[in-house]
Amino acid sequence: MYLSLYLIDTQYNIYSMKKFILDLIVKKNVLLSNQYSLIILTSSEKLPEILPGQFAEVRVDGSNTTFLRRPISIHYVDYETNELWLLIQVIGDGTKRMAEVKVGETMNIILPLGNTFASPTRKDAKLMLIGGGCGVAPLLFLGAYFKREGYEVNFLLGARSEADILQKSEYERFGNVYITTEDGSLGEKGFVTQHSVLKGSNFDYIYTCGPTPMMKAVASYALKTNAVCEVSLENTMACGIGACLCCVTDTVDGHVCVCTEGPVFNITKLKWQI
Amino acid sequence: MYLSLYLIDTQYNIYSMKKFILDLIVKKNVLLSNQYSLIILTSSEKLPEILPGQFAEVRVDGSNTTFLRRPISIHYVDYETNELWLLIQVIGDGTKRMAEVKVGETMNIILPLGNTFASPTRKDAKLMLIGGGCGVAPLLFLGAYFKREGYEVNFLLGARSEADILQKSEYERFGNVYITTEDGSLGEKGFVTQHSVLKGSNFDYIYTCGPTPMMKAVASYALKTNAVCEVSLENTMACGIGACLCCVTDTVDGHVCVCTEGPVFNITKLKWQI
Amino acid sequence: MANLNINIGKLQLKNPVMTASGTFGYGTEFSDFMDLSRIGGTTIRERQGNPYPRMAETPSGMLNAVGLQNKGVDYFINKIYPSIKDIDTNIIVNVSGSTVEDYVETAEKLNSLEKIPAIELNISCPNVKEGGMAFGTSCPSAAQVVREVRRVYKNEMIVKLSPNVTDISEIARAVEGEGADSVSLINTLLGMAINAEKRKPVLSTITGGLSGPAVKPIALRMVWQVSNAVKIPVIGLGGIMNATDAIEFMLAGATAIQIGTANFIDPTVSVKVVDGINEYLDKHGFKHVSELIGALEI
Amino acid sequence: MANLNINIGKLQLKNPVMTASGTFGYGTEFSDFMDLSRIGGTTIRERQGNPYPRMAETPSGMLNAVGLQNKGVDYFINKIYPSIKDIDTNIIVNVSGSTVEDYVETAEKLNSLEKIPAIELNISCPNVKEGGMAFGTSCPSAAQVVREVRRVYKNEMIVKLSPNVTDISEIARAVEGEGADSVSLINTLLGMAINAEKRKPVLSTITGGLSGPAVKPIALRMVWQVSNAVKIPVIGLGGIMNATDAIEFMLAGATAIQIGTANFIDPTVSVKVVDGINEYLDKHGFKHVSELIGALEI
Ligand SMILES: Cc1cc2nc3c(=O)[nH]c(=O)nc-3n(C[C@H](O)[C@H](O)[C@H](O)COP(=O)(O)OP(=O)(O)OC[C@H]3O[C@@H](n4cnc5c(N)ncnc54)[C@H](O)[C@@H]3O)c2cc1C
Ligand SMILES: Cc1cc2nc3c(=O)[nH]c(=O)nc-3n(C[C@H](O)[C@H](O)[C@H](O)COP(=O)(O)OP(=O)(O)OC[C@H]3O[C@@H](n4cnc5c(N)ncnc54)[C@H](O)[C@@H]3O)c2cc1C
Ligand SMILES: Cc1cc2nc3c(=O)[nH]c(=O)nc-3n(C[C@H](O)[C@H](O)[C@H](O)COP(=O)(O)O)c2cc1C
Ligand SMILES: Cc1cc2nc3c(=O)[nH]c(=O)nc-3n(C[C@H](O)[C@H](O)[C@H](O)COP(=O)(O)O)c2cc1C
Ligand code: FES
Ligand code: FES
């Protein structure tokens, strides 16, 4: 287990990273399904360095009922085309408005926020990235990073049905993609933790993001199989930069802010009942 | 003077008119100058009967800071093409957002609200419609109405400079157009009340809408020349339908609501110091 | 479809949705847009006519300084009542005064009107000097008004409470003790708007009453506190814009709700709230709207 | 360019713009976005660490239930102070407690810190049981805290008032009488949010503190009332989002202002407010920002 090294690494990265408030321009807005949109943003300036797992705080202009910014994961950063990708699931008025942005509009965004995932120290470690619903968002950027760093990447993506399996071909660029759907319309039928790939082999590192029940099931699988496991948590956030203390979660180190100490946590730090 | 007849007429018209809440579709949005937009709305249903001088209460969707509806005059109604025209002057966030609506968007509008202007009983009466700034808005529809009814119509439009003289060719369809600009860039230089047409001839009826100081100057001219004079007042409105009592103005009949008893008032009813 | 009937003391409502005083005219202003018989009740002012001007929009709300200057209860009885008495919904008259005698005299006169099943004693209007709010901000004065009115008024007496107090539960208990049949809350919060360019207050009265969604969190908290403090029914209001808001007030402990400022933005909002409550009850398997009252799980 | 210097009692500010307690971390969270030395001051909590979770967005505002559980004043002095003391702006420490002794002990310790020119006594936090708000809602208890702290604390003592009261002027006069050098207002209004689908309160603490533009009209009214009631300087806050809002507070009588919730939406808002005040002064021909204080024409 390489926990302490990971911690040092992560801390170093985050605290040395400057945050920016940027007006990014909408280059594309692709409707992926009735619930999901892929928003591709760009800028006349070079995008700053962003690590996988980090998120952005997006100001929602043009929504009468939205007051605070909304935290959104970095789905992908393409430095060659200078593109930042966001994957938006429509939940309430804020995400509804975001999903409707038109090409050419600007979005005011604070980034990069939060910490990143820990890289295994051995390049031959077996990695599995498990995402459910909109939680798949940060895993694309993470998978791309791992692939570039020379790891072999596996994705396990779960959703209700085929229509909600998003960006499949993008994930396939960076690793093997396994799929479960609850209705069996694509991949294996059932929940992610029921997928045969988890039975077939053991993974050294498991990274997961998605609904809490799913992440807890994954964490419990990881504990059983002795895998290092990191989860990316959500929380209600007012500021995203550690100023308001609204986003705390209970850890073995006490209450800590998800926006600065997370969103990525090693499950051994969390006080989850699993 | 035909005051009492006018009053009966008006009252009859207003109180028998049903009000509607409509989702109208933006057919065109023409930027007339950096401050003014002409918004042309339409509907799949036939537009209801609307009288000149009446206004609409427009819900402003997509402005984070606008809560209440905004009162906007009916600039023109074209029953042949089923078009409703609004002339918007950008003042604050609400009008800014309205001025930015895109073709195809819907605007939620309550109309027709308020009373109308009084028609002279004699068709050979000499009429002058005097507008300043955005106050020219209701006069186009009024002029069109008078022309259709067989009156000869004169418009006197005032603005700071040529760029703010709006829709000139539209007014020319319905009557003679006289112009003043403060900088002399179009028409006569000065304020509307200084225009030579007012010195040259006497008018029996004067209808005016614009900034209060302008309307007061016009009212004072009307009093001096013994013309019947009606002014269209503005006021801060929360509801536009007589429910909140927020929009009162002081008249010889006491405090009355501008949204139901106006916006058009005969100057003899107002307690203006003129 | 669930049962929406609600009783507030002696007052029987076909559903818990009413419109708030000062925001719905005499109801007739809204008849083009909606069927007045679809709502549980409407609260109107007995005094109307020549109010003072001015309002100011505020973030998610508005300030009003409408005041209560008007033609008085006799004018109401002779001129207004005949034209509205046959509207098929409960008409509740909101009563204000600057002295206890004002309240008593008005209540006594309204007592004899057959189609007025309830009055709402406004001891909380922030817009009139000595015009109510003073009564609603101390227990003894609130108690006194209620006690005196109770002597002469036999139908449902709702007392409308002011939120501009340190402890609203205390006032609620005081008026309950003097025989109020129910309480409604909140009236507007005292606020102020300034025009920075002109360096002047926006309202002629300098301060005015704040209403709208901005105040909803405060209203909800007060309804929750008061419904835990008294046994009589609580009518909740303050910033209700839709059925979800209305349901939140009932969960917090309100037996019925009123809608004010929202009428200005959507004149049909009250019937939409009735429909929305219905849908919610069906979706969640409730048989009767009363199951929502105070159903918050703490 | 006008002169923006402002004194609050003994406290000298380069301009009247400060950031509000609980909303600006230790300032360092914002250093990527802005130059901290450009603002007049920043108010930070002496207690920080493991607060409770939860916030709820509300129309034009937010509720927080952050509470004050934390590592205490010694942790602050040993761990935090060294790393922030050289920030080139006034650092005011916001002090809370659940007993009078808490306040006194903390104030005494802070008195010795060279780079802390002022404390802000928080007798108004709605989020802690006996954690301050009780002190701020009655004159005798507010007076008592201030009296005891005054004995031990020699620098600028600002007392932060609660808006959850019937008469805020009365409380302001009470703390002025006991030697407060200035007052700041308003703290958050007690509010509540409910999740209708889950039928549960949104906040773990059921109620929480409401802040943001929603409360601005109430804050402005209270600043106006208090500045007419006391002679000591008033620091105004509550919903300030831009320079116009800040100017409104100064016109209402505030000597300086604080910015809270707005920092979350635009971390650079405080310097924009400084610039905006400057522009306003130039445009309207004012030479010194102090000309705005209480300059409302009634
Ligand atoms: C670190 C982080 C990363 C995130 N990344 C993404 C992302 O990449 N893409 C994305 O679409 N979303 C992401 N989210 C979630 C996103 O921030 C919320 O969905 C959004 O704030 C909801 O705003 P809204 O205005 O649409 O809904 P609101 O009006 O705020 O909420 C509507 C209703 O949904 C509930 N609700 C609010 N948030 C959530 C939630 N997260 N899940 C379920 N119910 C909720 C509310 O309680 C309310 O009842 C992320 C959140 C965090 C903390
Ligand atoms: C009966 C009636 C008819 C109207 N017809 C039209 C019309 O046809 N076209 C049109 O563009 N406007 C019209 N108006 C005016 C329009 O309603 C206001 O300009 C609008 O409400 C301002 O909203 P806002 O959100 O843009 O500005 P706000 O943010 O509400 O106001 C910005 C600033 O401007 C001030 N302000 C507000 N209203 C006015 C005003 N009318 N004049 C000057 N300053 C103001 C405010 O006090 C504030 O300081 C009409 C008003 C009335 C009552
Ligand atoms: C324009 C206006 C006028 C009002 N007049 C009265 C009144 O005469 N009597 C009263 O008890 N409340 C009056 N109120 C308060 C409302 O009835 C209600 O208590 C308050 O607005 C909060 O509800 P809301 O947020 O739904 O509007 C008035 C409110 C507004 C906005
Ligand atoms: C998240 C949060 C935490 C706060 N914590 C404190 C605090 O510890 N002490 C205090 O006096 N005020 C605290 N406040 C209140 C603010 O300092 C300020 O008084 C209030 O938010 C009103 O100003 P605003 O509307 O500009 O935010 C807090 C406010 C927020 C939003
Ligand atoms: S969201 Fe403000 S501290 Fe995390
Ligand atoms: S705007 Fe409400 S009565 Fe006129």
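Residue numbering restarts at 1 for every chain, and letters A, B, ... go by the order of the sequence lines.
- Using cut-offs of 30° and 60° for the angle between ring planes, the D/Phe24 and D/Phe30 rings count as parallel.
- Looking at D/Thr58, the atoms closer than 4.5 Å to chain A (heavy atoms on both sides) all sit in the backbone: N, CA, C or O.
- Ranked by heavy-atom pairs under 4.5 Å with chain A, the list D/Pro213, D/Ala214, D/Gly61, D/Gly212 is led by D/Gly61.
- When each of A/Val258, A/Ile241, A/Leu68, A/Thr236 is scored by its heavy-atom pairs under 4.5 Å with chain D, the top score falls to A/Leu68.
- A salt bridge links D/Glu57 to A/Arg70: one of the charged nitrogens lies within less than 4.0 Å of a carboxylate oxygen.
- Other residues, nucleotides and ligands place no more than 12 heavy atoms under 6.0 Å from the CZ atom of A/Phe191.
- Looking only at side-chain heavy atoms (C-beta outward), A/Asn108 and A/Leu24 stay at 4.5 Å or farther from each other.
- If you measure heavy-atom distances from D/Met34 to chain A, you find no contacts under 4.5 Å at all.
- Close approach to chain A, defined as a heavy atom under 4.5 Å from one of its heavy atoms, is seen in D/Phe264, D/Ile265, D/Asp266, D/Pro267, D/Thr268 of residues 262-272 of chain D, taken by number.
- We find that A/Arg97 and A/Glu105 are joined by a salt bridge, their nearest charged nitrogen and carboxylate oxygen being less than 4.0 Å apart.
- Other residues, nucleotides and ligands contribute at most 12 non-hydrogen atoms within 6.0 Å of the OH atom of A/Tyr145.
- The aromatic rings of A/His75 and A/Trp85 are tilted relative to each other, their planes meeting at an angle between 30° and 60°.
- Because its NZ or CZ atom is not both nearer than 6.0 Å to the ring centre of D/Tyr81 and within 45° of the ring axis, D/Lys79 does not count as a cation-pi partner of that residue.
- With respect to A/Arg160 and A/Asp183, no salt bridge is recorded, no charged nitrogen being found less than 4.0 Å from a carboxylate O.
- When each of A/Gly240, A/Ala238, A/Cys257 is scored by its heavy-atom pairs under 4.5 Å with chain D, the top score falls to A/Ala238.
- Note on A/Arg69, A/Glu57, A/Arg59: by heavy-atom pairs under 4.5 Å with chain D, the leading option is A/Arg69.
- Only the backbone of A/Thr65 comes within contact range of chain D, with heavy atoms under 4.5 Å apart.
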